[in-house]
Structure formats: C-alpha cells, structure tokens
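Note on naming: letters A, B, ... go to the chains in the order of the sequence lines (proteins, then strands), and numbering restarts at 1 for each one.
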2 protein chains.
Amino acid sequence: MSNMNASPALVRTGLGDQIRQVLIEGITSGRWAPGERIVERRIAAELGVSQAPVREALRHLEALRLIETLPNRGARVRDFTDEDLAEVFPVRAGLEETAADLAVHRMAGQVEGLEVHIARLAAATDRDEEMRHSIAFHREIVEASGNRLLRSVWQSLGIEVWTALSLKRRGTELCGKAAEHAHITEAFRRGDPGVGRMVHDHVMSYAP
Amino acid sequence: MSNMNASPALVRTGLGDQIRQVLIEGITSGRWAPGERIVERRIAAELGVSQAPVREALRHLEALRLIETLPNRGARVRDFTDEDLAEVFPVRAGLEETAADLAVHRMAGQVEGLEVHIARLAAATDRDEEMRHSIAFHREIVEASGNRLLRSVWQSLGIEVWTALSLKRRGTELCGKAAEHAHITEAFRRGDPGVGRMVHDHVMSYAP
DNA sequence: CGATTATCTATGATCGATCATAGATCAGTG
DNA sequence: CACTGATCTATGATCGATCATAGATAATCG
C-alpha cells in the first residue's frame, strides 16, 4: 500500500473489516447522503488502500441493506424510507419469539444473563448507551436459544445500525420499556410458555 | 483470462455468480467432501478464472453456511451435523409464521398464487421437482407478506440447498404434506387469523 | 434539425503479481 | 534426544493494471 498519509492509521486486522466500519460510520452519521454514489476507487484512494478490500466491505454493506448495487453500475447509499425502517420489526418479532420459545427451556429459570443487561440499562447515562444495552438484552435471548443459525440471522439484521437510523430519523423513544424487560425476565424465570408471544409483542411495540 | 480450454464455456453473466453455482452444485452433490479444504487458487485454475471472483463466490457460500472460513487460513466445506440441518426449521417456522400473518391481510382471499404451486406440486414427477414446487409454495407466502426484508432474510437461508442436503442425508419424506398445503390455502382464502400458527406448525412438521 | 450511430469516459469486473501470515520443516544447542 | 528458533512453503489478503460495460457525448446522415 503506497500509504504514507491518509486516515488514522488503519491498524492491521483485516482491511475489509476496518473499511466496513468506516463506511457504516459514514452512512449512519449522515456524512454520506442517501442516494449518493459510492465509487469503489474513490473510497480506496481516500483510505489509501486498493479496490479489492473496498469491494469486500461493500458486499457486507449490501447484506446489511445499507447500500444498493446495480450490476456494472456500482453502489449507492440507500434512500431509507419509513417503510424500510418499519419492516425490520415484524422480522425481529418473529425471530425473537422463536428464540424466546427455545430459550425458555434451556434457561430453566436461570435469568442472570438477562438481569445483567437490565441493570446496565438502568445505569445507562446517555441515549446511545441505553440503546446498546437494550439491544444486548434482546441479543441475550437470541443467544440463549442455542440455535446458531437463528443467532446468525438475527445478527445479520444489523439491529444496532437500523435502530440508530430510526433514532436519527424520528426521535423514537425506546426507554420506558424497562418495565417490559423486567416482565419478560420474570416470565423466563418461571418458565412461562407464553414468553415467546410476550417478546413478540414487546418487539412490535417499538414499531412506529 | 488465458482460457482457451476449461469447463463448459462459462457464459458471460457475472463470473462470481457462475462460480457460486458450480461450487454449490459441487458441494450438494457431494463431489466436495465435508471438511475438505477449498483453495481459492485451485478453484480459479480449474475454472480458468482468477482468484477474485472465486473469493466473491466463497463469501456467498459462507453466508449460506455451506463453508466455514478462518482468517488467513482459508475455507473448507462445512461438516454438516444433524443439528445444523435441524436448526433451520425453527427459523423458517418463525419467519413464515410472520409472513403468513402479514400476507393473510394483503391477499384478501385471493389465493390463486398459492393454488398454482399446489397444482404443480401434484403434477410433479420426480423428487427434485416435488421439492422445488413445495418450496415455491412457501416462498409464495413469504412474497405475499410484502415485507422485502423478510423476503430477503428468508431467501438467504438457502432453503433449496439445505433441503437438498437433508434429503441426501436421510430420505426425509416431504410428500404427504399436500393436504396441509391445501388446508393452509383454505385458511388464507377465508382470512383465518390462525393461519400464521398453522404455517408455523406445518414447517416444524418437516423437522426431524 | 432530429434521429442514429460511433466515440469517449467513468467505473465496475477481472486479472496476474506481490505481500503477509500460519504451519511445517529443519538446524542448532544444551 | 527434546526444545527453541530460523527457514521454507502454501495460501489468503492485497495491490496495481487491464478488460468490459453503461451512459454520456459527439459525429453523421437523412
């Protein structure tokens, strides 16, 4: 790499990963406007790397639906509609309901993992931290399902990113849900078979 | 490409796509054994292309969980466990339940799309064709949900491939389910709100 | 002057070569 | 002979350059 300048170092841990982070940050922060073209060579030049790892990063962004690409025509930042933002909730709800139903058996009343996140959520000081702990609570349920495919699919939704976009778009309040988290945890503790539906409805309550 | 020989032509429509097809075919057919290493350069040489499109194809296979890769250590064909094969059903069930609940409203009793697939399934002559029409029935439900994210996630499960692997592993009978498909279609026709659960249970009935 | 076609330009897709890393192999030392 | 470290080998990761395509632009013709 003929890089004796350029952006903050880019430490060695897989250029593709780092470039992806830069691009995600750029898109969520709004530095790259929706609809704006993303030219592989330009990004490569700006970051002082070559085209290949940029392409790799772009494929990840495409999987996250942050960009859209046309064959031989390149990529552009998606123009997220309210519908795009809304579509994620039924999918999450379905996946997390499944996860909860699977998890409730495996947890056998052991809900420490969930309680940790509730505590951290309560201690959160800013909106961003609040969001991350809330998401971590849900991720804990998915992890507890023991279904690796389910985890992988849920992860691939990129909840953090889309939630951040939702918050940016309209100031969706996601607090005030702490009580529901506690109720859900109690349902897990007593092995309530209705916990799946409970989680489902909880997730849908975030939807606009 | 210094290719004046090599495998059947490889027509021009995106090398990555074609290579992916070749690899999927090779893995599902068992020509590539589970655990076997997949060396980018070797594939490239065999197909008379370069490393880049092979890498692209491999990333797709990774997303389909057909291969696993270690950083700097390359890819190998996954050694599918029975658990791997089983994990897909709860995920499908959750997604398709969501899809059905969304679709039942949009369809408003118009179930022609579903009936087409039932008819084709009945007319199927071999096991493979049967499988594809059965899957098409389920895809129709997902499409009818109108939720593009849901469709995208469902597609990314690569149902065809995994079903084929299931059939190969143990001779899972997936026929005899025609009756259930008809029942589900009827539920859609009358707008039965219980259709989601019905689809869920139907999908789970395929599980081992 | 408007429609059609050849050319140009930007850029994605692909290529062949180089760099970097993980293991394997081998040499040296006690 | 076992252990430590240098070297070698295979191969993924990355690079710089070339090829191919889409759209824009200019040239040609009626």
Side-chain angles (χ1 to χ4, degrees), chain A residues 1-23 26-27 32-33 35-63 65-78, chain B residues 1-23 26-27 32-33 35-63 65-78:
Chain A
M1 160 187 350
S2 58
N3 177 9
M4 44 3 8
N5 54 347
S7 54
L10 287 195
V11 206
R12 274 286 163 184
T13 122
L15 286 182
D17 295 340
Q18 301 173 237
I19 296 170
R20 180 175 73 235
Q21 274 313 115
V22 170
L23 292 178
I27 291 176
W32 305 73
E36 189 167 339
R37 283 242 296 159
I38 297 192
V39 179
E40 297 178 356
R41 280 167 152 129
R42 191 145 59 80
I43 308 291
E46 286 174 10
L47 298 180
V49 299
S50 100
Q51 197 182 348
V54 175
R55 279 180 69 89
E56 175 161 339
L58 288 183
R59 278 200 294 257
H60 276 280
L61 296 199
E62 195 177 4
R65 304 175 314 289
L66 289 177
I67 63 175
E68 53 192 355
T69 66
L70 295 156
N72 291 313
R73 307 263 276 81
R76 63 182 58 235
V77 180
R78 278 194 57 194
Chain B
M1 165 187 347
S2 59
N3 176 10
M4 60 313 69
N5 54 348
S7 54
L10 285 196
V11 205
R12 275 287 162 183
T13 132
L15 287 184
D17 295 339
Q18 301 174 237
I19 296 169
R20 182 174 73 235
Q21 274 312 115
V22 170
L23 292 178
I27 291 176
W32 305 72
E36 188 166 340
R37 281 202 35 166
I38 297 192
V39 179
E40 297 179 356
R41 280 168 156 133
R42 191 144 60 81
I43 308 291
E46 286 174 11
L47 298 180
V49 300
S50 100
Q51 196 182 347
V54 174
R55 279 180 68 90
E56 176 161 338
L58 289 183
R59 278 201 296 265
H60 276 281
L61 295 198
E62 196 178 1
R65 303 174 314 289
L66 290 177
I67 64 174
E68 52 192 355
T69 66
L70 293 156
N72 290 311
R73 308 261 276 81
R76 64 182 58 234
V77 180
R78 277 195 57 194

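Looking at residues two or more places apart in sequence or on another chain, you find a side chain to side chain donor-acceptor pair (under 3.5 Å) between Gln51(B) and Glu40(B).
Counting non-hydrogen atoms under 4.0 angstrom, Arg42(A) reaches nothing in the nucleic acid. At a threshold of 4.0 angstrom between heavy atoms, the contacts of Glu56(A) with the nucleic acid are absent. Residue-level contact check: Ile38(A) touches the backbone only, with heavy atoms under 4.0 Å from sugar-phosphate atoms and none from bases.
The side chain of Pro53(A) sits closest to dC15(D) out of dC15(C), dC15(D), dG12(D). In this structure, of dA22(C), dG12(C), dC15(C), it is dG12(C) that holds the atom nearest to the side chain of Gln51(A). Side-chain proximity of Val49(A) to the nucleotides dA13(D), dC15(D), dC15(C) is greatest for dC15(D). Side chain of Val39(A), nearest nucleotide from dG12(C), dT14(D), dT14(C): dG12(C). Ranking dC15(D), dG12(D), dG12(C) by closeness to the Ala52(A) side chain, first place goes to dC15(D). Listed nucleotides dG12(D), dA13(C), dC15(D) differ in distance to Arg55(B); the shortest reach to its side chain belongs to dG12(D). Residue Leu15(A) has its side chain nearest to dT14(D) when only dT11(D), dT14(D), dG12(C) are considered. The side chain of Arg41(A) sits closest to dT18(D) out of dC15(D), dT11(D), dT18(D).
The distance from atom CD of Glu62(B) to atom CD1 of Ile38(B), rounded to the nearest 0.5 Å, is 11.0 Å.
Here the side chains of Arg37(A) and Arg42(A) are not in contact, with every heavy-atom distance at 4.5 Å or above. The shortest distance between side-chain heavy atoms of Leu58(A) and Thr69(A) does not fall below 4.5 Å.
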Distances under 3.5 Å between nitrogen or oxygen atoms of protein and nucleotides 23-25 of chain C:
from: dG23(C); atom 1: OP1; to: Arg73(B); atom 2: NE; distance (Å): 2.3
from: dG23(C); atom 1: OP1; to: Arg73(B); atom 2: NH2; distance (Å): 2.9

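Going from atom CZ of Arg37(A) over to atom P of dA24(D) covers 11 Å, rounded to whole Å. Remark: P of dA20(D) and CG of Leu70(A) are 22 Å apart, rounded to the nearest angstrom. Atom CD1 of Ile67(A) and atom P of dG12(C) are 11 Å apart (whole Å). Atom CD of Glu40(A) and atom P of dA17(D) are 17 Å apart (whole Å). Look at CZ on Arg76(B): it is 13 Å from C1' on dA22(C), rounded to the nearest Å. The interatomic distance linking Asn72(A) (CG) with dG12(C) (C1') rounds to 6 Å, in whole Å.
Taking all atoms of both residues into account, the shortest heavy-atom contact from Ile27(B) to Trp32(B) is N-CD1, 3.7 Å. Between Arg20(A) and Ala57(A) the shortest heavy-atom distance is N-CB, 3.7 Å. Scanning all heavy atoms of the two residues, the minimum distance from Ala75(A) to Ile67(A) falls at CB-CD1, 3.8 Å. Contact record, Arg65(B) with Arg78(B): O-CD, 3.1 Å, taken as the closest heavy-atom pair. Residues Leu15(A) and Pro53(A) approach most closely at CB-CB, 4.0 Å, considering heavy atoms. Closest approach of Ala33(B) and Val77(B) over heavy atoms only: O-CB, 3.5 Å.
Fit an axis to the five pairs at each end of the helix from dC1(C)-dG30(D) to dG30(C)-dC1(D) and the two axes sit 20° apart, to the nearest 10 degrees.
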